[in-house]
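One structure is given here, and the rest of the page talks about it.
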There are 2 protein chains.
Amino acid sequence: MKCMGGAEIFGQGKSAEYVCQVIEGAVRSCKHLSDGRRQISAFHLNGDIFGLENGNSHRFAAEAIIDSTVRILDRRSIDVAADTDLLVSHELLDLTTESLQHAEDHMLLLGRKSSIERVAAFLLEMDRRLAARGIVTLPMTRRDIADYLGLTIETVSRTLSMLRDSGILRFQSETQRKIQLLDRHRLAELDC
Amino acid sequence: MKCMGGAEIFGQGKSAEYVCQVIEGAVRSCKHLSDGRRQISAFHLNGDIFGLENGNSHRFAAEAIIDSTVRILDRRSIDVAADTDLLVSHELLDLTTESLQHAEDHMLLLGRKSSIERVAAFLLEMDRRLAARGIVTLPMTRRDIADYLGLTIETVSRTLSMLRDSGILRFQSETQRKIQLLDRHRLAELDC
DNA sequence: CGGTGGGTTGAGGTATTTCAAGGCTCGTGG
DNA sequence: CCACGAGCCTTGAAATACCTCAACCCACCG
């Protein structure tokens, strides 16, 4: 399925009839509060599976960040497979555990880290997940980053500027979405 | 197994040979940073299972909050059971999903909620999990609460005082660990 | 061209933290 | 029995990290 950037793939609380996989593009999972506050719990990039639920409704909204291609898998056939095949069942557990692990690390970040540490951790995560040779091409806006890190766009922007000024990174393009990491070692120290 | 309050049940990064269940008492799962910062990701109360891992080391430290009785289950026999029995495998997935769901909700709290909202959410969670008729007897200290909510002890204390002064709760004992919720409806509104 | 969306930067405000002091309870030992 | 210290909690005052508000720049697009 093709999704335009910004399109909602499924809404929070909607019936979980499908499970999805990113083929190409980027997707965010987020929780919305009624007053507009938002927390992004994860970004899903090439190959990532998302929208896996145990209950029958999605605990998140999923939205395409940029134009994306998403594979739709039928929920029921997965359930059936998991109920008969131990390998599938094991695979589901692995996927869920991976999400849990990420969530646990993210709780530490959100609860206890400074803005610099958060941004550093974010850059390293993205470098690990989508970089080609230290150049990170971010699909998401500053707002997405802020809602992922529990900060405001201004704080994210200021922190990136600070890292630029101290020689740890460089902006490679006009739109500020291509970032070259010049000193991953110092970044890793900041991440603590 | 009997554990004294404050005792470490297993350490962060330690080999995950056992899975545990709280029989009586209370346990915290936490991540420590080298500089002493700490994030508690969950409290485990009567009946709760914790220390379940997919990899071979614990991603957390687990510590008894008060004197507790913990049942120790052998990790390998669980793995074996999961590899042969679909019911066990399904049960493991359920437990992991439950943790994940809690972690996701907690990320929203840590990333986007005010101190009042955090404390309100905490009180409601504890009320749901261990209250007898609106009286919550907290096993944990203010420090534990603070490290769970991503706040300082002073902020937790001030927020509780504020809720007391506005008639939403009352302290029932000298040690401030017994809290009577007088107006759960208003608390739920604060939680948003 | 003008409008819109994304990003940066500055100035000022504020929620929360930090630092400091004091109260209460409890256990220990003289 | 009382003194003492330790641990836990509260409260106040001051500091600060981060947020809010506002202005501006730039790229893109109809």
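Here is the naming used below: chain letters follow the sequence lines, and residue numbers restart at 1 for every chain.
Between A:Gln176 and C:dT8 there is a side-chain N or O to OP1 or OP2 distance below 4.0 Å. Listed pair B:Thr152 / C:dT16 fails the phosphate criterion, with no side-chain N or O lying under 4.0 Å from OP1 or OP2. At D:dA17, none of the side-chain N or O atoms of A:Arg118 fall inside 4.0 Å of OP1 or OP2 (strictly under the cut-off). Note on B:Ser115: a side-chain N or O is less than 4.0 Å away from OP1 or OP2 of C:dT16. For the pair A:Ser161 and C:dT9, the criterion of a side-chain N or O lying under 4.0 Å from OP1 or OP2 is met. OP1 and OP2 of D:dC8 both lie 4.0 Å or more from every side-chain N or O belonging to B:Arg143.
At least one side-chain heavy atom of A:Ile179 sits under 4.5 Å from a side-chain heavy atom of A:Phe171. B:Glu117 is not listed as a side-chain neighbour of B:Leu149, based on a closest heavy-atom distance of 4.5 Å or more. Side-chain contact check for A:Met126 versus A:Met140: some heavy-atom pair is nearer than 4.5 Å. For the pair A:Thr141/A:Asp144, a side-chain contact is recorded, criterion being any heavy-atom separation below 4.5 Å from C-beta on. Proximity of A:Gln12 to A:Arg59: side-chain heavy atoms (C-beta onward) are nowhere separated by under 4.5 Å.
Of the candidates D:dT11, D:dC9, C:dG6, the closest approach to any side-chain atom of A:Thr141 belongs to C:dG6. Nearest to the side chain of B:Arg164, among C:dT9, C:dT16, D:dT11, sits D:dT11. Of the candidates C:dT8, D:dC8, D:dT10, the closest approach to any side-chain atom of B:Ser157 belongs to D:dT10.
Between the P atom of D:dG7 and the CD1 atom of B:Ile66 lies a distance of 19 Å, rounded to the nearest Å. Taking atom CZ of A:Arg112 as the reference point, atom P of C:dT17 lies 7 Å away to the nearest angstrom. Regarding A:Arg177, its CZ atom lies at a distance of 12 Å from the C1' atom of D:dA27, rounded to whole Å.
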Determine, stepwise, if the pair A:Lys2 / A:Asp67 fulfils salt bridge (charged side-chain N to carboxylate O under 4.0 Å, His left out).
CA-CA 7 Å; A:Lys2 293 272 176 197; A:Asp67 293 352; over 6 Å; no
Polar atoms only, N or O, under 3.5 Å: list the protein pairs with nucleotides 10-14 of chain C and their distances.
residue : atom : partner  : partner atom : Å
C:dG10  : N7   : A:Arg158 : NH1          : 2.8
C:dG10  : O6   : A:Arg158 : NH2          : 3.2
C:dA11  : N6   : A:Arg158 : NH2          : 3.4

Output one line per pair: protein atom, nucleotide atom from nucleotides 22-28 of chain C, and distance, for all N/O pairs under 3.5 Å.
residue : atom : partner  : partner atom : Å
C:dT25  : OP1  : B:Glu174 : OE1          : 3.4

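Between the side chains of B:Ser89 and A:Ser89, at least one donor-acceptor pair of N or O atoms lies under 3.5 Å. Under the 3.5 Å distance criterion, with hydrogens and angles disregarded, no donor-acceptor pair is assigned to the side chains of B:Thr96 and B:Ser99.
Heavy atoms of B:Thr155 sit under 4.0 angstrom from at least one base atom. Looking at heavy-atom distances under 4.0 Å, A:Gly6 makes no contact with the nucleic acid at all. Using a 4.0 Å heavy-atom criterion, one finds that B:Leu151 contacts the sugar-phosphate atoms exclusively.
Under the salt bridge (charged side-chain N to carboxylate O under 4.0 Å, His left out) test applied with B:Glu63, the options B:Arg143, B:Arg28, B:Lys31 reduce to a single match, B:Arg28. With A:Tyr148 as the partner, the side-chain hydrogen bond (donor to acceptor under 3.5 Å, both in side chains) test is satisfied by one option alone out of A:Gln39, A:Arg118, A:Glu125: A:Glu125.
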